[in-house]
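Indexing begins at 1, ligand by ligand and atom by atom, following the structure's order. All residue numbers in this chain count up from 1 along the given sequence.
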Amino acid sequence: MTTRNMSRFWEWGRKIICVGRNYADHAKELKNAIPTEPILFLKPPSAYVREGCPIVVPLYTSNLHHEVELGVVIGKGGTAIPQSTAMEHVAGYALCLDMTARDIQDECKSKGLPWTLAKAFNTSCPISEFILKERIPDPGNVKLWLKVNDQLRQSGCTSQMIFSIPFLISYISDFITLEEGDLILTGTPKGVSSVQEHDELQAGIQDVVTMTFKVDRPDQ
Ligand SMILES: O=C([O-])CC(=O)C(=O)O
Ligand SMILES: [Mg+2]
C-alpha cells in the first residue's frame, strides 16, 4: 500500500538510480562495449527540474547532450527483490532526460574517474508529470522520442532494452535498497546529440505524455 501521494515524488529527496548503455544502438554510437551486467550511476534529487524551469548548461561543459529515458517510480521499497514480484514495487513512471556533459564524461572515462560532474549537476534530470502505472500497461514496449527545435533526434522503443525493468529492479535492490519515491532511469536509445542555449527540447512517450524544456546558460 502506498501511504504517500506519489504525484510529487520528486519533492521527497529520494535517490535517482541511472542505468547506462541499456540499448545496444546507443552503446555502439558512443563506441562502448555492450554490457553483460547493468552499469549504474546516481544523480542527487537536486538534479530534478520540472517543466517551466530551464535546463541550465554547466559552465564547465561545451558539449551538453540529451538522453531521453523511461523513468520507473518505486512505490514500495525493498531489498533483494525477486524478478517475479518486481513490478509490484512500481507505482508508476515518468519521462526523463539524463542530461550529460559528454566532454566531461569522456575525460572521466579516459582517466578512470567517476562521472559525477558529467551526470549529476543541477537540472541534469528534467522530468514529466508522474504517470500512474495503469497508463503504461506494458512498460517493456513503449516508444520514446525527443526533438530539438522540432527536429527528431531520438526515437526508440523500450523493447530494445538489454536488461528489462523487472531485471533492473531485482539487480539494483540486491546492492542498493530501494525506497518509496526512488526513480530508476532505464537508459537511452540512440540519437543523443548536443544542445545549446535557447534550444527547445520536446520529448514524449507515445500517446501517454509530452514535455518541453528550454536550455539556458548562466551569465559568466
Ligand atoms: O552516458 C551514457 O552513455 C550512459 C547512459 O547514461 C545511457 O546509456 O543512458
Ligand atoms: Mg542515460
Side-chain angles (χ1 to χ4, degrees), residues 10 15-49 55 57-58 60-74 93-128 139-140 142-148 153-165 167-169 171-172 175-176 182-195 201 203-205 211 213 215:
W10 52 85
K15 310 181 278 303
I16 306 168
I17 303 154
C18 308
V19 181
R21 302 179 196 159
N22 200 23
Y23 289 74
D25 57 4
H26 170 64
K28 278 186 202 148
E29 75 179 342
L30 293 188
K31 301 188 169 48
N32 289 309
I34 310 236
T36 50
E37 269 191 72
I39 295 170
L40 304 180
F41 58 93
L42 296 168
K43 289 181 194 269
S46 47
Y48 280 130
V49 58
I55 298 167
V57 185
Y60 54 75
T61 183
S62 52
N63 194 14
L64 182 66
H65 273 197
H66 54 77
E67 296 188 355
V68 68
E69 309 197 5
L70 177 66
V72 177
V73 183
I74 298 298
Y93 305 93
L95 180 60
C96 308
L97 304 184
D98 169 17
M99 298 306 295
T100 303
R102 195 69 71 197
D103 45 355
I104 307 302
Q105 187 193 34
D106 288 344
E107 201 181 315
C108 294
K109 277 156 76 174
S110 70
K111 292 181 177 166
L113 294 172
W115 297 355
T116 309
L117 290 185
K119 290 285 196 179
F121 53 86
N122 292 342
T123 75
S124 62
C125 191
I127 48 161
S128 71
V142 283
K143 293 197 173 69
L144 307 175
W145 57 269
L146 180 137
K147 291 178 183 175
V148 180
R153 298 273 179 92
Q154 290 190 269
S155 171
C157 183
T158 56
S159 61
Q160 300 165 303
M161 283 185 193
I162 297 169
F163 303 108
S164 70
I165 292 167
F167 181 89
L168 291 171
I169 290 171
Y171 180 90
I172 293 166
F175 310 112
I176 302 171
D182 283 350
L183 176 72
I184 301 173
L185 263 62
T186 55
T188 197
K190 73 165 191 248
V192 300
S193 70
S194 208
V195 296
L201 274 57
I205 303 176
M211 64 182 190
F213 285 89
V215 179

Can you find a non-hydrogen atom of Cys18 under 4.0 Å from ligand 1? no
If you scan protein heavy atoms around atom 3 (O) of ligand 1, the nearest is His26 NE2, 2.7 Å
Under the side-chain hydrogen bond (donor to acceptor under 3.5 Å, both in side chains) test against Gln154, which residue among Lys190, His26, Glu69, His66 passes? His66
Glu29 and ligand 1 - part of the residue with a heavy-atom distance under 4.0 Å: neither
Please state which protein non-hydrogen atom is closest to atom 2 (C) of ligand 1 and give its distance, to 0.1 Å? Glu67 OE2, 3.4 Å
When only distance counts, is Thr188 in polar contact with ligand 1, meaning an N/O pair under 3.5 Å? yes
For the Mg ion (ligand 2), what is the closest N, O or S atom on Asp98? OD2
NZ or CZ of Lys147 within 45° of Trp145 ring axis and under 6.0 Å: yes
Does any N or O of ligand 1 fall below 3.5 Å from an N or O anywhere on Asn32, backbone included? no
With a 4.0 Å cut-off on heavy atoms, is Lys119 touching ligand 1? yes
Asn22-ligand 1 polar pair, N/O distance under 3.5 Å: no
Side chain, backbone, both or neither: which part of Phe41 comes within less than 4.0 Å of ligand 1 when only heavy atoms are counted? side chain
List every atom of ligand 1 that sits less than 4.0 Å from any heavy atom of Leu30, numbering the atoms from 1 in the order shown and giving each element. 3 (O)
Shortest-distance N/O/S atom, Glu69 versus the Mg ion (ligand 2): OE2
Closest protein heavy atom to atom 8 (O) of ligand 1, given as residue, atom name and distance to 0.1 Å: Arg21 N, 2.7 Å
Look at ligand 1 and say whether Leu185 reaches it with a heavy atom at a distance under 4.0 Å. no
Could you tell me whether Val19 approaches ligand 1 through its side chain, its backbone, both or neither, with non-hydrogen atoms closer than 4.0 Å? backbone
Would you say Leu201 and Arg153 make side-chain contact, with heavy atoms under 4.5 Å? no
Taking only heavy atoms of Glu69, which atoms of ligand 1 are found under 4.0 Å from at least one of them? 9 (O)
Whether over 12 other heavy atoms sit under 6.0 Å from Lys28 NZ: no
Below 30° counts as parallel, above 60° as perpendicular, anything between as tilted: where do the rings of Phe163 and Phe167 land? parallel
Residue-level breakdown please: for Asp98 versus ligand 1, do any non-hydrogen atoms fall below 4.0 Å on the side chain, on the backbone, on both, or on neither? side chain
Quick one: nearest non-hydrogen protein atom to atom 4 (C) of ligand 1, plus distance? Gly20 CA, 3.7 Å
